[in-house]
Each structure stands twice: as structure tokens, then as C-alpha cells.
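Some notes on the structure that comes next.
The shown structure was predicted, so the numbers you read here are calculated from the model rather than taken from an experiment. Chain naming here is simple, since letters A, B, ... match the order of the sequence lines and numbering starts at 1 in each.
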Protein chains: 2
Amino acid sequence: MRVTIKDVARKAGVSTATVSLVLHDNRRISVETRKRVLKAIHELEYQPSQLARGLVMKQTGNIGFILTEDHFLRTEPFYTRIFLGTEFEARESSHFVLLTTIPTQFTEENSLPRFVTQQSVDGIIVAGKVPQLLVEKLNHYNMPFIFIDYYPPKGDYSAVLIDNILGGMVATEHLIKLGHKEIAFIGGDIEHPSINERYIGYKMALEKHGIRYRSELVITSEEATGKESGLHAVCSLLDRDIKFTALFACNDAMAIGAMECLRKRGLKIPDQVSVVGFDDIESDVFQDPPLTTIAVPKFDLGIEAMRLMREVLANKVRKNKKVLVPVELVLRKSTSPLKK
Amino acid sequence: MRVTIKDVARKAGVSTATVSLVLHDNRRISVETRKRVLKAIHELEYQPSQLARGLVMKQTGNIGFILTEDHFLRTEPFYTRIFLGTEFEARESSHFVLLTTIPTQFTEENSLPRFVTQQSVDGIIVAGKVPQLLVEKLNHYNMPFIFIDYYPPKGDYSAVLIDNILGGMVATEHLIKLGHKEIAFIGGDIEHPSINERYIGYKMALEKHGIRYRSELVITSEEATGKESGLHAVCSLLDRDIKFTALFACNDAMAIGAMECLRKRGLKIPDQVSVVGFDDIESDVFQDPPLTTIAVPKFDLGIEAMRLMREVLANKVRKNKKVLVPVELVLRKSTSPLKK
DNA sequence: AATTTTTAGTTAAACGATTAACGAAATGAA
DNA sequence: TTCATTTCGTTAATCGTTTAACTAAAAATT
């Protein structure tokens, strides 16, 4: 049978209360007694039961982690890295993370994850864009939740977000510093806050350096944000004979598609067109040339979310707190100084 | 405050024991009382506390899921799919799955996942090849564990495995039925049970159809099982002027590398060489031509593991049970009938 | 009618922790 | 010396379930 606090108490010749107090570093216990207890704990290899502890403390020690199915199964380990960060940081406070997915099309028929309805978690982390319906259903439960890399359009929540505006600025400024003035921007799903913010960063950088914003250089009408969209966007630019010496794509997938189009049309990268992406996905390195991009620290996003969760659970947070995690420029071979 | 069994009991005018018995479908309770209780449960939206339940039943309701880091972060969502299957099936028995990773190089310095040392799980599922040290450390704990897609070289364990031999046979027979007789096999990391079994399947199929095994058609000396190994293996075959009209690669990655080499050397697929892979990874479809392969039902592997775990936990399993999940041939464009 | 059996519930202990409230001994203050 | 305070522990209630053992009433048997 399992070693319990009673066994420890007996072995150390004290009451179970004393053992518990030692475990919680209560200074009401003398150094000697504490030593005896610690010795007994060690010798018996005692591990407190999380169940018993949770029952009296009214907390489960679990954190729920919700992802849509497609995000979890994406080839690019974006959300898996975020999860890993969360799980890693959870070890610091002895939390467990329960990962579950919801259908990408979450409708009325779908029920919430069991850990929510059963109240088997102390808090919930929601990663990536999720259907509004989920958010609303979640609101019915008296459980703190935190978003990662997404922010619901209505309502006020705690969230850990990528500093997309900064990223957009850094990417654009990088191009500007290389001497470029005709910098195109391509984006899709422009309603998505993250994409929109990158776009804003682009515009801010232009303004900051006194470069006029030219709408013909900008494509925000793509539906999706995949490779095909990138290809399509750039091709449409080229078809209209729009000239640009640099390109900032709202993410790497689109950037890769864009490069494909540029190559097809015989444009040399980076000599004729410099390209910057956003995200730093795995395949960037295998591009020809390797893609310069804005790296998103996925692991850190997960870590920050778990930290924020702890603060929230400890009531350290006044209102809904937002954490912006910084991004950084990763120089590879797809950008170069403007050539005459 | 949380709704407890007491609230339900009060509302229904019965004792808490009665509520509990109703919850467990005990037929000692009359139909009417049961109805009253059920009504109260429903009206109060009562959810039993897993903590309290677990405490008295001496079970946590959790299953640990261990993966090496590199497996979890692989671009190909192989193990994530397996996990998803497990998580999905866990819902049937109200289990939660705690996913954690261990360093790929698990050494003495590394400690076991916290859910093991803390005994916060009822059983453990280990997916993919893991260091032997982990297995040995796990053995010290009195917890059932089950392997998925791996079987430790020493010892006897319960496991859910891919029917690799069958897969190797099916792949090879497919080629034989297309008229091929000179069928090459390329594999790497041949010590790995899965690879070895596919190789055995290859040999069995040849024998079954009375085709002589020719060692010069076989490469098992590659270290790794990646694209480069596939490329290297086939090139070395071609360099030695070995003739073959079909090729079975031990996995899709190698098959893709192999095709790259074949294309480079000007050999047409499938006209001059038919190629079959194994695994059914995402990028198969994007190959030129799309790769015919043996599909591994990842989701099912996870499901079967969870089912097996339940059997084990219920002591339904006499000895260590092995479950072989069947694979199936996926016809795409990389194989065709032998041309004269 | 008396006894036994069945039915339909209840009582109370147990699971393994935490912690407020209490208390005895030692120490300090008046 | 007496009273107050501090130190170091203990007692006992509590968290929300489950379930063995019990009981009262009803039904069946003799």
C-alpha cells in the first residue's frame, strides 16, 4: 500500500499535523523535530497524495489546455511547442496540464471538454484562434482562462500575445535600413488580430521613416494565409506590373508561396526582391534562399501563459492582464541591400 | 460554492449514500427514488468531485503519456495523432491523459515525469522508441505501462504495435502482383524492431511467391531512416549497376529520398521503377508522383492503447498482451504494372 | 399468526491530506 | 513569585465521495 502521512508521523513519533506543517515550512516546528520528520519522509519515500491535498485545498492542481484539432495536427509544430512551454513551466508549481482538442468547427452540438464540465481543472489555457461559441460557453463557468496567440473580438480577457506590431515594424524597418523604399505587404485573413497587427506594424514603420504608404503595394484581400495565398497575392501584384524591391509577408507560409511566384517569374531573391516572413517555421531553412523572418518564441508563449495563470490563480492580478512577448529578427539569405 | 452530493441528497430528500448508489446504477434503489435523485442531480447540475471519488477509490483517473521530445516535435504529426487517439478514447472511461516529454537522451541525471514519482496516474503509456534507462526506471514503480509502436529489447510488456510484417508483405505483394520480380528493399536503423519486421515481411512475400531473395537488391546498412538515407541507399544501388524494376522502402521518408535519387538519375517513376513506402506521412500526396504506401492508422494505435490500458487496470489481462493493428495499402501513383 | 426473506433505504467509517483552535512547557516581565 | 507571552506541538474537524454493515417495513412462506 501507499505510504501516507500517517506512516511518516508514526515513524517520526509525531502527529500527522506536524508532518503536514513541516511539509509546508511552517516555522512553528523546531529544527530537531523537522529534521526527524524529514528523515522519515525521505526513508519512506513519502509522496503526499495530490487527491487528498486537492480535496481539502479545493484545487485540482490541473490546468486545461484547449486547442482546435487542426492547430494541434498542423505539420508545423507551432502549438505543440507552446504546449511544451506550458507543460514545462507547470512543473515549477506542480501543476499538470490536460491537453485536449475541440473540433475546428465547434458548434452547439459539441460539448465542452470534460475537464471543464467536471471541474477537474483550476484554470484553462486556450491556444490559437477558437470559435466565439467556445469562449461564450467557457464564460458560463467560474474558471479563469487565458488566451495564447489570440484575443476574442468581444470581451476582456487575460492573454499572452505575440508582439505583432513590434514584429511588423522590425521586419519593415529591416528592409528600410537595407535601402528599400518600395516595400510590398501581403496578408490574408486580415480580420485576424495577429495579421492585422503585423500590417499595422508595417504601416507604422513606413511612417516613422517618412515613406509614403502606397495602397497598390498592399494586398490584404487573400482569404487564407497559406502558401497558395502568398503565391496568388504576389502574382497578382506582378500581373498588374507593380514594382517593388522588397516584400513583407504576414507569415512564412505566404512568404514561401511568394518566393515560389517570384522564382517562377524569373525574379532573383534577394537581388531583385528581398523577402521577409513572420513566424520562423521549420521549413524556412530549407528554402532557396533560406528565409529571413521574424521569430516567434513559441516555447516562451507557453511559459508566459502558465506564469500568468499562476498569478491569476493566486489573485495577484487586478484586472485582465496582457503579456506581450517580444519577437526577433532572424537574418538569413532572403534579404539584401537595395541594388541600383 | 461547488454543488456536492449533500446538496443533491437534501434536495431529493434522501441520504448521500442513496445519491451515490443511484450514480452507480445500484438496483437497491426504487425507480421512484432514483427518478427524484436524478431530477435533483439534473436541476443542480451536480458533477461528482473526481478528487473525492479518487481518494476513496484509490485511483487518480489519470493516465500518463510519455514521449521523447523529438518525437513530439516532429514535423510529421505521427505521435500527436497517436496521442489524440488516446485522449479521444480516454473520454469513454472518463480518464484524463497527462502528456509529457522526456529528453531524447534520457540519462541518469534526468528524473522521471512527475506524475510517475508522485503517483498521480493509474497507468502509463509510452509511445515510440525510448531509452532503455527509462524503461528500467519505470519498472521500479508499481504501475502498469503499455508501449505503443515500440517494444523494449529485453523484458516482457504489454504493447500496441503496428503489424509491420503484414505491412511489409502487403507492400511487396502489391509489387509482385504488378509483375515485378526484381524488387529492391532499402532500410536503415535495421536494429529497430519495426524496420526489421518490415524487412521480414518483404522476405516472406518473396518466398511465398517463389521469388528468390537476392541480397544485392537489399540495403539495410543505412544508419538513419531519413530522406538522405533513402537517397544514399538508392544511389549506391545504381552506382553498382544493380537492376531493379521496383523498390520497397522501409518508410516514406526514405522512399521520398529514393525517388529524388531516381529522378536525378533520369529514371521515370513509376514507368521504370515502381516505389512503395511505409507510414503514410502527410507529404506523400505532394510528391511527384504521389507515393503509394502502407498506411499506419495512427489514431487507432492511440485508441487501442487506451483500451488495452483499461483492460489492464481492470485486471482483465492475464499476461502481457500485445495488440497488432493492421495496416493497409494506399494506392497512389508511384507504382504501375511492369513494362517490358 | 408467526417466521423468514426481500426490498429500500440509512448510518457511519474510511480515503489522506490541511489547518483552526487549543494547550503545556518554557521563557520573560513586573 | 505571579502573570503574560512565546514556543512547539496536538486534537479534531473538514474536504466530497464510496460502501460495508445495519435496519425497518413489506412481502412471502409456513
Side-chain angles (χ1 to χ4, degrees), chain A residues 1-41 44-62 94-96 115 117-122 314, chain B residues 1-41 44-62 94 96 117-122 314:
Chain A
M1 275 291 81
R2 173 174 197 137
V3 177
T4 73
I5 200 170
K6 280 186 191 165
D7 301 317
V8 177
R10 195 177 314 122
K11 176 144 194 163
V14 296
S15 71
T16 62
T18 303
V19 178
S20 179
L21 292 173
V22 167
L23 243 25
H24 288 83
D25 276 333
N26 190 307
R27 61 174 171 11
R28 205 157 64 205
I29 308 297
S30 73
V31 185
E32 289 150 63
T33 312
R34 141 183 285 280
K35 258 193 205 153
R36 264 209 333 283
V37 171
L38 252 21
K39 184 152 165 276
I41 288 178
L44 295 173
E45 297 186 39
Y46 166 66
Q47 290 287 146
S49 154
Q50 296 303 313
L51 290 176
R53 190 172 264 184
L55 185 57
V56 42
M57 316 254 308
K58 289 173 182 311
Q59 47 175 37
T60 64
N62 297 331
S94 286
H95 278 105
F96 289 121
F115 57 60
T117 59
Q118 267 180 208
Q119 308 187 61
S120 298
V121 294
D122 302 328
Chain B
M1 274 292 78
R2 176 177 192 134
V3 176
T4 73
I5 200 170
K6 280 187 193 166
D7 302 316
V8 177
R10 195 176 315 122
K11 176 143 194 164
V14 296
S15 71
T16 61
T18 302
V19 178
S20 179
L21 291 173
V22 167
L23 243 26
H24 289 82
D25 274 333
N26 191 307
R27 59 168 171 17
R28 207 157 64 204
I29 309 298
S30 72
V31 185
E32 290 150 62
T33 311
R34 141 183 286 280
K35 258 193 205 152
R36 266 212 329 285
V37 172
L38 253 20
K39 183 152 167 273
I41 287 178
L44 296 174
E45 297 186 39
Y46 166 67
Q47 290 288 145
S49 155
Q50 296 303 312
L51 288 176
R53 190 171 262 187
L55 185 57
V56 39
M57 316 260 300
K58 288 173 182 312
Q59 46 175 40
T60 64
N62 297 331
S94 286
F96 289 120
T117 59
Q118 267 180 207
Q119 310 186 60
S120 298
V121 293
D122 302 328

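If you take CD1 of B:I41 and P of D:dG16, they are 16 Å apart, rounded to a whole angstrom. Whole-Å rounding puts the A:R2 CZ to C:dG16 P distance at 8 Å. Atom pair B:R10:CZ and D:dG16:P shows a separation of 11 Å (rounding to whole Å applied). Protein atom CD of B:Q118 is 15 Å distant from nucleotide atom C1' of C:dG16, rounded to whole Å. Computed from coordinates, the A:H24 NE2 to D:dG9 C1' distance equals 17 Å when rounded to whole Å. The interatomic distance linking A:K35 (NZ) with D:dG9 (P) rounds to 13 Å, in whole Å. Whole-Å rounding puts the B:Q119 CD to C:dG16 P distance at 11 Å.
With contacts defined as side-chain heavy-atom distances shorter than 4.5 Å, the pair A:S94/B:Q118 qualifies. Using a 4.5 Å heavy-atom cutoff, the side chains of B:S49 and B:T4 are not in contact.
Side-chain N/O atoms of A:S120 and A:N62 include no donor and acceptor closer than 3.5 Å.
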task: Output, in order, the C-alpha distance, side-chain angles, deciding distance and verdict of salt bridge (Lys or Arg N to Asp or Glu O under 4.0 Å) for A:D25 and A:R34.
output: CA-CA 9 Å; A:D25 276 333; A:R34 141 183 285 280; 2.8 Å; yes

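Annotation: the terminal axes of the helix from C:dA1-D:dT30 to C:dA30-D:dT1 meet at 50°, where each axis is the rotation carrying the C1' atoms of four end pairs onto the next four (5 pairs per end, rounded to 10°).
Here CG of B:L51 is found 11.5 Å from CZ of B:R53. Values are rounded to the nearest 0.5 Å. Within the model, atoms OG1 of A:T16 and CZ of A:R10 stand 11.0 Å from one another, a figure rounded to the nearest 0.5 Å. Rounded to the nearest 0.5 Å, atoms CD1 (B:I29) and CG (B:L38) are 11.5 Å apart. Atoms OG1 and CD1, from A:T18 and A:I5 in turn, are 9.0 Å apart once rounded to the nearest 0.5 Å. In this structure, B:T117 OG1 and A:E45 CD are separated by 10.5 Å, a value rounded to the nearest 0.5 Å. With values rounded to the nearest 0.5 angstrom, B:K11 atom NZ is found 12.0 Å from B:I41 atom CD1.
B:S20 comes within 4.0 angstrom of a nucleotide base, judged by non-hydrogen atoms across all strands.
No donor-acceptor pair closer than 3.5 Å links the side chain of A:D122 to the backbone N or O of A:Q59.
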Between the protein and nucleotides 7-10 of chain C, which nitrogen or oxygen pairs are less than 3.5 angstrom apart?
| unit_1 | atom_1 | unit_2 | atom_2 | d |
| --- | --- | --- | --- | --- |
| C:dG9 | OP1 | B:T33 | OG1 | 2.4 |
| C:dG9 | OP2 | B:S30 | N | 2.6 |
| C:dG9 | OP2 | B:S30 | OG | 2.6 |
| C:dG9 | OP2 | B:T33 | OG1 | 2.9 |
| C:dG9 | N7 | B:R28 | NE | 3.3 |
| C:dG9 | O6 | B:R28 | NE | 3.3 |
| C:dT10 | OP1 | B:S15 | N | 3.4 |
| C:dT10 | OP2 | B:S15 | N | 3.0 |
| C:dT10 | OP2 | B:S15 | OG | 2.8 |
| C:dT10 | OP2 | B:T18 | OG1 | 2.2 |
| C:dT10 | O4 | B:R28 | NH2 | 3.4 |

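In the region residues 45-62 of chain A, proximity to DNA chain D at under 4.0 angstrom, judged on heavy atoms, holds for A:L55, A:V56, A:K58.
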